[in-house]
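Following: one structure in structure tokens, then a few remarks.
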Amino acid sequence: MARRSTPLLRRLLAPSPSLPTPLADAVSRRTVTYMPRPGDGAPRGVTLIPGDGIGPLVTGAVRQVMEAMHAPVYFETYEVHGDMPTVPAEVIESIRRNKVCLKGGLATPVGGGVSSLNVQLRKELDLYAALVNCFNLPGLPTRHDNVDIVVIRENSEGEYSGLEHEVVPGVVESLKVITKFCSERIAKYAFEYAYLNNRKKVTAVHKANIMKLADGLFLESCREVAKKYPGIKYNEIIVDNCCMQLVAKPEQFDVMVTPNLYGNLVANVAAGIAGGTGVMPGGNVGQDHAIFEQGASAGNVGNEKIVEKKRANPVALLLSSAMMLRHLQFPSFADRLETAVKRVIAEGKYRTKDLGGTSTTQEVIDAVIAKLG
């Protein structure tokens, strides 16, 4: 999420007692900075997968807010569940056609040889970069201030390659695959993201002190790409030290680029530091397609009590949908949505249980809709 939206939020939240209301409104109004091509305002199709657990609740929240602000998108909804053997072909076709998907959590069975549909989607569509933005929300108390971390995770190989077999009974071999092509590709994406979003530093996370060949190749690729971006500071950190530094001094990190498994762990640690997985947006992106979902995966389908009481936190997916709107080149709608969500959090009146409140999902949705400018 680009930092350029922060000054807008500060102006909207700051009191202006010395200015008459009409003048204050005029001062806070955004000037025209985006010049669309003719036809760019046509409504865009978005594939919607409500998913399992709290998924239908939070994706329903996004639909309500999109309708309330008349966002130029329409949804093609498909029922997909984590216990299916594979993602239905018509769902893949819809995403290929629309190029954009919004997704609730899909439950992944533990063990039993059942493959993850999340991983299937990433592989089928070559969504090689997973991005999670972990940052402090104004008004939400956390142990650390000044946290604004973007974790960019390689999404197609590593331990998630799924290359496992039983050598003999009781002995299982799981292969970790690292290639120069994929390592360079994710490093280029991380540095390009940093460059385009006015970020100052990229940190490569690794375990090359032990996995000298695999993680060594990842680091070698990052170093080669870093040379092409002399204006961006580059450093490296071992993954175990990285986790310790995150909980001790997270403000030292800016953009982090990681292999697959480390990125999953680091993103969830960073999310916990900055307010929890319920408020962290994210998505998966490739050359042609993108899937937006809750950024950090811990407990992403919730538990039965949350679903029964309808108290799921919709903030993460609402902020992810703002990222989606920017991806679709509707920046003013994205700013309106993001600002409304942050105003509700800052006000503190409507919060779900994970943020210390007692509100239902619908109460938070209604509050966000009321704040739309």
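For the numbers below, each heavy atom of this structure counts, side chains included, while hydrogens, waters and symmetry mates do not.
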Would you say the side-chain atoms of [X] pair up with the backbone N or O of [Y], donor to acceptor, closer than 3.5 Å?
X	Y	answer
His206	Gly216	no
Glu166	Gly170	yes
Ser320	Gly282	yes
Lys212	Asn209	yes
Asn264	Asn260	no
Asn268	Ala296	no
Ser156	Tyr128	no
Lys207	Tyr262	no
Thr361	Lys310	yes
Asn241	Ile238	no

Tell me the salt bridge (Lys or Arg N to Asp or Glu O under 4.0 Å) pairs involving [range], sequence neighbours left out?
range	value
residues 153-162	Glu159-Lys176
residues 218-230	Lys180-Glu220, Lys180-Glu224, Arg223-Glu236
residues 345-363	Glu347-Lys371
residues 116-139	Arg96-Glu124, Asp126-Arg185

Sequence neighbours left out, what passes salt bridge (charged side-chain N to carboxylate O under 4.0 Å, His left out) with Glu93? Give chain and number order.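 Here no residue qualifies.
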How would you list, by chain and number, every residue that makes a salt bridge (charged side-chain N to carboxylate O under 4.0 Å, His left out) with Lys188, sequence neighbours excluded?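 Salt bridge (charged side-chain N to carboxylate O under 4.0 Å, His left out) check on Lys188 returns nothing, list empty.
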Which residues pass the side-chain hydrogen bond (donor to acceptor under 3.5 Å, both in side chains) test with His81, not counting sequence neighbours?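 Only Asp52, Glu79 meet the side-chain hydrogen bond (donor to acceptor under 3.5 Å, both in side chains) criterion with His81.
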In chain order, what residues pass the side-chain hydrogen bond (donor to acceptor under 3.5 Å, both in side chains) check against Gln287, with sequence neighbours excluded?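 Checked Gln287 against side-chain hydrogen bond (donor to acceptor under 3.5 Å, both in side chains); zero matches.
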Going by the rule side chain to side chain contact (heavy atoms under 4.5 Å, CB included), which residues pair with [X] if we only count those two or more places apart in sequence or in a different chain?
X	answer
Pro72	Phe330, Phe333
Asp288	none
Ala194	Arg199, Val202, Ile232, Val255

Is the ring pair Tyr229/Phe191 parallel, tilted or perpendicular, if the boundaries are 30 and 60 degrees?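 The arrangement is parallel - the two ring planes meet at less than 30°.
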Could you work out the complete set of other residues in the hydrophobic cluster of Val172, with links drawn between I, L, V, M, F, W and Y side chains under 4.5 Å apart?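 None, because no other hydrophobic side chain comes under 4.5 Å of this residue.
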Note, Val239 side chain near Leu261 side chain (heavy atom, < 4.5 Å):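 Heavy-atom side-chain distance check fails, nothing below 4.5 Å.
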